[in-house]
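Here the structure is a predicted model, which is why all the values come from computation and not from measurement.
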Amino acid sequence: MFMFASLIVFLVYFANVASGAFWDVTYFGDVGEMLVLFAATILFVVAILQKEAARAKRDDS
């Protein structure tokens, strides 16, 4: 679930950057872009930590 959320948030970030590059239209400013990218990063880290915990639990059994 967190991996999917990370992908969605990153696609929002990418769409904002692409629209700024191609059409000179941005929806977020610099701080907004930073916060969206930070949220995508945090969600990705949480997903990876969950996968690592599940793998460690499976290996211990």
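Hydrophobic clustering, with ILVMFWY side chains joined whenever heavy atoms are under 4.5 angstrom apart, keeps V9 apart from F44. Linking ILVMFWY residues whenever their side-chain heavy atoms come closer than 4.5 Å, directly or via other members, places F22 and Y27 in the same cluster. Under the 4.5 Å side-chain heavy-atom criterion for grouping Ile, Leu, Val, Met, Phe, Trp and Tyr, F10 is connected to F2 within one hydrophobic cluster.
Counting non-hydrogen atoms of neighbouring residues, nucleotides and ligands closer than 6.0 angstrom, the CG atom of D59 exceeds 12 such neighbours.
Of all the heavy atoms in S6 and A40, the pair that sits closest is OG-O, 3.1 Å.
Residues M34 and L37 fail the side-chain proximity criterion, which asks for heavy atoms closer than 4.5 Å. For the pair V36 and N16, the minimum side-chain heavy-atom distance is 4.5 Å or more. In this structure, M3 and L43 have side chains that are not in contact, with every pair of non-hydrogen atoms separated by 4.5 Å or more.
The closest donor-acceptor contact from the side chain of S19 to the backbone of V25 lies under 3.5 Å.
Note: Y13 OH to L35 CG = 12.0 Å, rounded to the nearest 0.5 Å.
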